[in-house]
> 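Handing you this structure, nothing more for now.
Residues take their numbers from the sequence shown, with the count starting at 1. The structure displayed is predicted, hence computed values, not measured ones.
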Amino acid sequence: MIYADNIADKVAEYLLQVKAIKLQPQQPFTWSSGWKSPIYCDNRVTLSDPSIRTYIKEQLADLVRENFFEVDIIVGVATAGIAQGALVADYLQLPFAYVRPEPKTHGLGKQIEGAVEAGQKVVLIEDLISTGGSSIKAIQPLVNVGCEVLGVAAIFDYGFETARENFKEAGYSYYSLSNYDTLLPVAIKQGMIRQSDLEVLRDWRRNPDKWGNRF
């Protein structure tokens with residue numbers, strides 16, 4: 001049962017409900033970067049629940065319309081942003097393409113899949129923003145072909161200061177439906193973490209690269 005009456009809380013509840021987000025402050029996960037983390041987020045899980053998938057699609061579309069009303073084309077960031085981006089593009093009746101992390105090493109060697117044109121105003125769709133690195137990396141191929149990137153819309157954001165700095169330095173804005181600060185009280189309300197876990201979880205967000213040294 002979802003009780004929240006605002007979008008950020010409701011999205012956080014949904015992500016916890018379908019286990020797209022898992023919290024383990026005492027038994028942390030290891031990210032591909034090597035960081036130890038008390039949270040693991042895989043928003044692709046939401047695609048398997050039709051009602052949640054629809055809600056997220058509609059809210060992402062509203063986020064795009066409200067903040068990037070001049071958008072001409074939606075572009076997903078591979079791989080997790082592909083399905084979400086395609087859903088949003090379909091809902092908004094806009095063209096869709098996606099960007100690979102690197103150009104293909106065979107065939108036509110494409111990095112952008114789909115038809116994009118110089119002068120088009122682009123919004124990138126991400127499932128998750130951590131440091132912002134994958135989003136910013138995906139912007140450059142679009143700029144190289146003459147597109148104007150308006151910004152990034154995502155489902156969830158860890159709220160790292162590094163991300164804010166990276167986007168600011170790159171000169172792009174980003175928005176998310178929900179975030180780490182919203183998630184924690186929702187997780188307490190649902191009994192998924194204890195009040196005593198809060199300081200550990202907040203300390204991770206302040207020092208994510210050093211937090212795992214305790215284990």
Side-chain angles (χ1 to χ4, degrees), residues 1-49 52-53 55-56 59-60 63 67 77 79-81 84 124-137 151-170 172-215:
M1 182 71 70
I2 300 299
Y3 298 101
D5 56 6
N6 68 72
I7 293 167
D9 282 358
K10 193 168 184 178
V11 169
E13 287 194 31
Y14 277 142
L15 297 179
L16 290 167
Q17 176 183 303
V18 297
K19 297 182 172 58
I21 286 181
K22 297 179 181 180
L23 292 164
Q24 294 182 187
Q26 307 308 323
Q27 294 179 293
F29 304 95
T30 302
W31 286 2
S32 59
S33 63
W35 286 2
K36 295 288 185 183
S37 170
I39 182 172
Y40 187 79
C41 181
D42 181 4
N43 292 326
R44 287 169 290 200
V45 176
T46 63
L47 298 168
S48 299
D49 186 302
I52 293 176
R53 181 179 70 215
Y55 181 79
I56 288 175
Q59 298 309 317
L60 274 175
L63 194 68
N67 296 286
V77 179
T79 61
Q84 304 291 356
L124 284 166
I125 300 294
E126 279 273 30
D127 73 323
L128 171 68
I129 291 175
S130 55
T131 65
S134 64
S135 305
I136 293 166
K137 185 177 180 180
V152 179
I155 297 172
F156 190 78
D157 170 18
Y158 287 130
F160 290 150
E161 182 61 32
T162 302
R164 285 188 281 271
E165 292 171 356
N166 287 342
F167 275 101
K168 183 178 180 180
E169 183 178 347
Y172 297 98
S173 59
Y174 68 100
Y175 299 87
S176 59
L177 295 181
S178 193
N179 55 70
Y180 192 71
D181 286 337
T182 299
L183 178 79
L184 297 185
V186 172
I188 286 176
K189 189 186 302 182
Q190 293 193 353
M192 294 185 175
I193 56 172
R194 298 166 298 181
Q195 190 75 30
S196 57
D197 292 323
L198 275 181
E199 186 52 39
V200 173
L201 289 161
R202 287 171 176 158
D203 185 53
W204 168 77
R205 214 271 300 278
R206 287 191 291 265
N207 301 285
D209 56 335
K210 298 181 177 66
W211 182 85
N213 295 339
R214 70 186 68 195
F215 293 96

> Could you go through I129 and F160, starting from their C-alpha distance and side-chain angles, then the distance that decides it, and tell me whether this counts as side-chain contact (heavy atoms from CB on, under 4.5 Å)?
CA-CA 9 Å; I129 291 175; F160 290 150; over 6 Å; no
> Without swapping roles, check the side chain of N67 against the backbone of L63 for a donor-acceptor pair under 3.5 Å.
yes
> Nearest 0.5 Å, please: how far is CD1 in I21 from SG in C41?
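C41 SG to I21 CD1: 4.0 Å, rounded to 0.5 Å.
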> Tell me whether the count of non-hydrogen atoms from other residues, nucleotides or ligands lying under 6.0 Å of CZ in R194 goes above 12.
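Counting neighbours around CZ of R194, 12 or fewer heavy atoms of other residues, nucleotides or ligands fall under 6.0 Å, so no.
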> Atom CE of M192 and atom NZ of K22: how far apart are they, to the nearest 0.5 Å?
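It comes to 11.0 Å.
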> Main chain of D127, side chain of N43: is a donor-acceptor contact present, judged purely on distance under 3.5 Å?
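Pair found, side chain donor or acceptor close to backbone of D127.
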> For residues S173 and Y175, report the shortest heavy-atom separation together with the two atoms involved.
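Heavy-atom minimum between the residues: OG-CE1, 3.9 Å.
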> Would you find a donor on one side and an acceptor on the other, under 3.5 Å apart, between the side chain of N6 and the backbone of D9?
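Yes; at least one donor-acceptor contact below 3.5 Å.
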> Taking the side chain from S178 and the backbone from A8, do they hold a donor-acceptor pair closer than 3.5 Å?
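Confirmed, S178 side chain pairs with A8 backbone.
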> Is there a side-chain contact between V11 and Y55, using heavy atoms and a 4.5 Å cut-off?
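When only atoms from C-beta onward are counted, Y55 and V11 do touch, with a gap below 4.5 Å.
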> Determine, stepwise, if the pair I39 / Y180 fulfils side-chain contact (heavy atoms from CB on, under 4.5 Å).
CA-CA 10 Å; I39 182 172; Y180 192 71; 4.0 Å; yes
> Report the C-alpha separation of R164 and E161 in whole Å, then their side-chain angles, then the decisive distance to 0.1 Å, and conclude whether the salt bridge (charged side-chain N to carboxylate O under 4.0 Å, His left out) test is met.
CA-CA 5 Å; R164 285 188 281 271; E161 182 61 32; 3.0 Å; yes
> Closest approach of A154 and L60, non-hydrogen atoms and distance?
O-CD2, 3.6 Å
> Can you confirm whether or not the ring centre of W204 sits under 6.0 Å from the ring centre of W31?
yes
> So, taking the atom named CD1 in I7 and the one named CG in L177, what distance separates them when rounded to the nearest 0.5 Å?
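Spacing of CD1 (I7) from CG (L177) equals 7.0 Å.
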> Tell me, with the steps shown, if N179 and T182 meet side-chain hydrogen bond (donor to acceptor under 3.5 Å, both in side chains).
CA-CA 5 Å; N179 55 70; T182 299; 3.1 Å; yes
> Assert yes or no for the condition that the ring centre distance of Y174 to F167 is strictly below 6.0 Å.
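Ring centres of F167 and Y174 closer than 6.0 Å.
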> Which pair of non-hydrogen atoms, one from Q84 and one from A80, has the smallest distance, and what is that distance?
CG-O, 3.8 Å
> Does any N or O in the side chain of Q24 come within less than 3.5 Å of the main-chain N or O of Q27, such that one atom is a donor and the other an acceptor?
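Yes, because the side chain of Q24 sits within donor-acceptor range (under 3.5 Å) of the backbone of Q27.
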> Specify the closest pair of heavy atoms between A163 and G132, including all atoms of both residues, with the distance to one decimal.
CB-N, 4.3 Å
> Would you mind checking if R202 and E199 are paired as a salt bridge, meaning a charged N to carboxylate O distance below 4.0 Å?
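So E199 does not pair with R202 through a salt bridge.
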> Would you call R205-D181 a salt bridge at under 4.0 Å N-O?
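So R205 pairs with D181 through a salt bridge.
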> Just say parallel, tilted or perpendicular for the rings of F29 and Y40, cut-offs at 30° and 60°.
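Ring orientation of F29 relative to Y40: tilted.
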> Rounded to the nearest 0.5 Å, what's the gap from CG on L198 to CG on L184? Could you check?
6.0 Å
> Could you check whether any side-chain heavy atom of K19 comes within less than 4.5 Å of a side-chain heavy atom of D42, counting everything from C-beta outward?
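Side-chain contact under 4.5 Å: no.
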> Please determine whether side-chain contact (heavy atoms from CB on, under 4.5 Å) holds for the pair I52 and Q17, giving the CA-CA distance in whole Å, both sets of side-chain angles, and the decisive distance to 0.1 Å.
CA-CA 10 Å; I52 293 176; Q17 176 183 303; 3.8 Å; yes
> Please step through side-chain contact (heavy atoms from CB on, under 4.5 Å) for the pair W211 and V200, ending with a clear verdict.
CA-CA 9 Å; W211 182 85; V200 173; 3.6 Å; yes
> Nearest heavy-atom pair of A187 and L23: which atoms, and what distance?
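Smallest heavy-atom distance, with atoms named: CB-CD1, 3.6 Å.
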> Quick check for you: to the nearest 0.5 Å, what is the distance between T46 atom OG1 and L15 atom CG?
7.0 Å
> To the nearest 0.5 Å, what is the distance between CG (L128) and CZ (R44)?
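These two atoms lie 10.0 Å from each other.
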